[in-house]
S.K.: 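Sharing a structure below in structure tokens format, with a few things to ask.
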Amino acid sequence: MSAKKKVILIFVVLPVLLVAVFVVSLVWDGQIGKHEEPTTESQISKEEEINQMLLAEYQKSQSTREVLEVTTEIPELAPDDEEYDDMIGDAEEDAPDVTYDGDLSDEEEAIIAAAEEEAWKNNNAINYNGIEVVSSMNQVSFDGDYVLTLTEAELAADHPLFLQYDSRWASYPYGTGTMKSSACGPTCFAMVITALTDITNASPPLVATYSMNHNYYVKGAGTSHALFTQGCSDFGLYCNEISNNEAEMKAHIDNGEMLVLSVHYGNFTHSGAGHFIVIYGYNENGFMVNDPGSYERSCKYWPYDVFSGDINRIYSLGKL
């Protein structure tokens, strides 16, 4: 090769080739980047995002509550207080009379008591006349700290029963009261979320914290219905208000939805503040209820004509 050709090759052709290779590599890297696997963060499921959100809500509340606990004392509500909603307490003296001739007999009460005792021995679950009740109340070790997690049995249940007075969270603060006194709304919402989704952190105290942090707790009134109608979307659910009609209620249950009922003084509450309950099924005997204020009332069927007069509003929730 002549000296002239060598000069051209070294100073002209090779630089051009190097530049061309560099440009092609940039383009290739760009194309590869478009098809790379998502990062670990983007691989997080929607359910896990919600689980992390609930824990973050709790941690945020704790950073605030630590200051409040030093300077204030959360009072325990008495039955005469406006926000008192303890379903186990006595009826208000000035409450209207409610007649119901369908109360359980002593024999039936004894059967339920025996079934409840048997449940604690058989992995949290009983089947009482076709009603499956899954609750881990009093079965989880409690050493003075709040238990924020749910058991495997509760997570696996089709319709777990969470109770406000469960020792795991009964004294957990909610509003100006506690879970036991005032948190029927968040407890119902926790049951619906756990039953309809794969979210594992929707325990009653964490949902109650979410409710407070998002202003769904209204002082002097209790839990706002917006916890269900607006809060549902944060948990991958939809919510529609439906009419107080037996056929419509059954149609929504047949569609895989669960019902949250706002009820006034009557069969499910002796409180002027009202109460929330969950309905998840029905058969020829009546509707199946998960009442966060009563294990016993959750172990029986409820004919529509018995409780229809108690209903204020009905919300039907399903998975998006």
Side-chain angles (χ1 to χ4, degrees), residues 85 87 95-104 128-133 157-162 184-197 207 211 216 218 221-233 235-294 296-320:
D85 195 23
M87 300 302 101
D97 291 333
V98 175
T99 58
Y100 169 51
D101 58 6
D103 284 330
L104 295 176
Y128 179 70
N129 288 341
I131 300 178
E132 183 181 86
V133 179
D158 290 335
H159 305 287
L161 172 63
F162 302 149
C184 55
T187 305
C188 282
F189 200 24
M191 286 191 272
V192 171
I193 295 168
T194 302
L196 294 181
T197 74
V207 174
S211 176
Y216 292 132
V218 181
T223 301
S224 168
H225 293 208
L227 173 64
F228 309 107
T229 59
Q230 298 177 19
C232 61
S233 60
F235 298 91
L237 301 172
Y238 62 83
C239 177
N240 295 306
E241 184 173 358
I242 66 175
S243 62
N244 184 358
N245 176 279
E246 182 177 9
E248 186 172 355
M249 293 168 64
K250 289 180 176 178
H252 282 274
I253 292 173
D254 290 340
N255 192 43
E257 300 170 11
M258 295 175 68
L259 310 180
V260 173
L261 276 62
S262 164
V263 295
H264 52 72
Y265 184 99
N267 292 287
F268 295 99
T269 177
H270 294 160
S271 166
H275 188 43
F276 289 106
I277 62 173
V278 171
I279 290 182
Y280 61 89
Y282 68 90
N283 64 16
E284 66 277 5
N285 299 309
F287 286 95
M288 300 170 189
V289 168
N290 269 353
D291 182 347
S294 172
E296 288 74 18
R297 287 193 294 270
S298 301
C299 285
K300 63 178 290 188
Y301 295 102
W302 290 90
Y304 175 76
D305 57 0
V306 169
F307 70 91
S308 59
D310 299 352
I311 300 172
N312 290 324
R313 291 185 173 181
I314 304 175
Y315 299 104
S316 183
L317 292 98
K319 188 172 182 179
L320 288 171

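Start at 1 with the first residue, then count along the sequence.
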S.K.: So which heavy atom on Ile311 is nearest to which on Val263, and how close?
M.R.: CA-CG1, 4.2 Å
S.K.: Measuring from atom OG1 of Thr194 to atom CG of Asp158, what distance do you get when rounded to the nearest 0.5 angstrom?
M.R.: 12.5 Å
S.K.: Is there a donor-acceptor contact under 3.5 Å from the side chain of Asn290 to the main chain of Pro160?
M.R.: yes
S.K.: Measure the shortest side-chain to side-chain distance between Met249 and Tyr304 over non-hydrogen atoms and say whether it is less than 4.5 angstrom.
M.R.: yes
S.K.: Provide the closest heavy-atom pair for Tyr265 versus Asp310 in the form atom of the first, atom of the second, distance.
M.R.: O-OD1, 4.4 Å
S.K.: In chain order, what residues pass the salt bridge (Lys or Arg N to Asp or Glu O under 4.0 Å) check against Glu241, with sequence neighbours excluded?
M.R.: Arg313
S.K.: Check whether any side-chain N or O of Asn267 sits under 3.5 Å from a backbone N or O of Val306 as a donor-acceptor pair, and report yes or no.
M.R.: yes
S.K.: Give, for atom CG of Asn285 and atom NZ of Lys300, the distance between the pair rounded to the nearest 0.5 Å.
M.R.: 11.5 Å
S.K.: Once you round to the nearest 0.5 Å, how far does CD1 of Ile277 lie from OG1 of Thr187?
M.R.: 13.5 Å
S.K.: For the pair Asn283 and Tyr301, evaluate side chain to side chain contact (heavy atoms under 4.5 Å, CB included) and give the outcome as yes or no after the intermediate values.
M.R.: CA-CA 9 Å; Asn283 64 16; Tyr301 295 102; 3.4 Å; yes
S.K.: Within this structure, what is the CZ-OG distance for the pair Phe268 and Ser294, rounded to the nearest 0.5 Å?
M.R.: 9.0 Å
S.K.: Going by side-chain contact (heavy atoms from CB on, under 4.5 Å), name the residues that satisfy it together with His264, two or more places apart in sequence or in a different chain.
M.R.: Asn312
S.K.: Could you check Ser308 against Asn244 for side chain to side chain contact (heavy atoms under 4.5 Å, CB included), going step by step and ending with a plain yes or no?
M.R.: CA-CA 7 Å; Ser308 59; Asn244 184 358; 4.2 Å; yes
S.K.: Could you work out, with side-chain hydrogen bond (donor to acceptor under 3.5 Å, both in side chains) as the rule, every residue matching His225, not counting sequence neighbours?
M.R.: Tyr315
S.K.: At their closest point, which heavy atom of Thr223 faces which heavy atom of Pro186, and how far apart are they?
M.R.: OG1-CD, 3.5 Å
S.K.: Using modelled atom types and a 3.5 Å cut-off, is there a donor and acceptor pairing between side-chain atoms of Asp291 and backbone atoms of Arg297?
M.R.: no
S.K.: Which distance, rounded to the nearest 0.5 Å, do you find between the CE of Met288 and the OG of Ser298?
M.R.: 12.5 Å
S.K.: Would you kindly say whether Thr269 and His275 are connected by a side-chain donor-acceptor distance under 3.5 Å?
M.R.: no
S.K.: Give the minimum heavy-atom separation between Thr197 and Phe235, together with the two atoms involved.
M.R.: CG2-O, 3.8 Å
S.K.: To the nearest 0.5 angstrom, please state how far the CZ atom of Phe189 sits from the CG atom of Leu237.
M.R.: 6.0 Å
S.K.: Return the minimal non-hydrogen interatomic distance between Ala226 and Tyr216, and the atom names on each side.
M.R.: O-CE2, 3.6 Å
S.K.: I would like to know whether Phe307 and Ile279 meet side chain to side chain contact (heavy atoms under 4.5 Å, CB included); could you show each step before the answer?
M.R.: CA-CA 12 Å; Phe307 70 91; Ile279 290 182; 3.9 Å; yes
S.K.: Classify the ring geometry of Tyr280 against His159: parallel below 30°, tilted from 30° to 60°, perpendicular beyond 60°.
M.R.: parallel
S.K.: Of all the heavy-atom pairs spanning Glu257 and Gly318, show the shortest one and how long it is.
M.R.: CG-CA, 4.1 Å
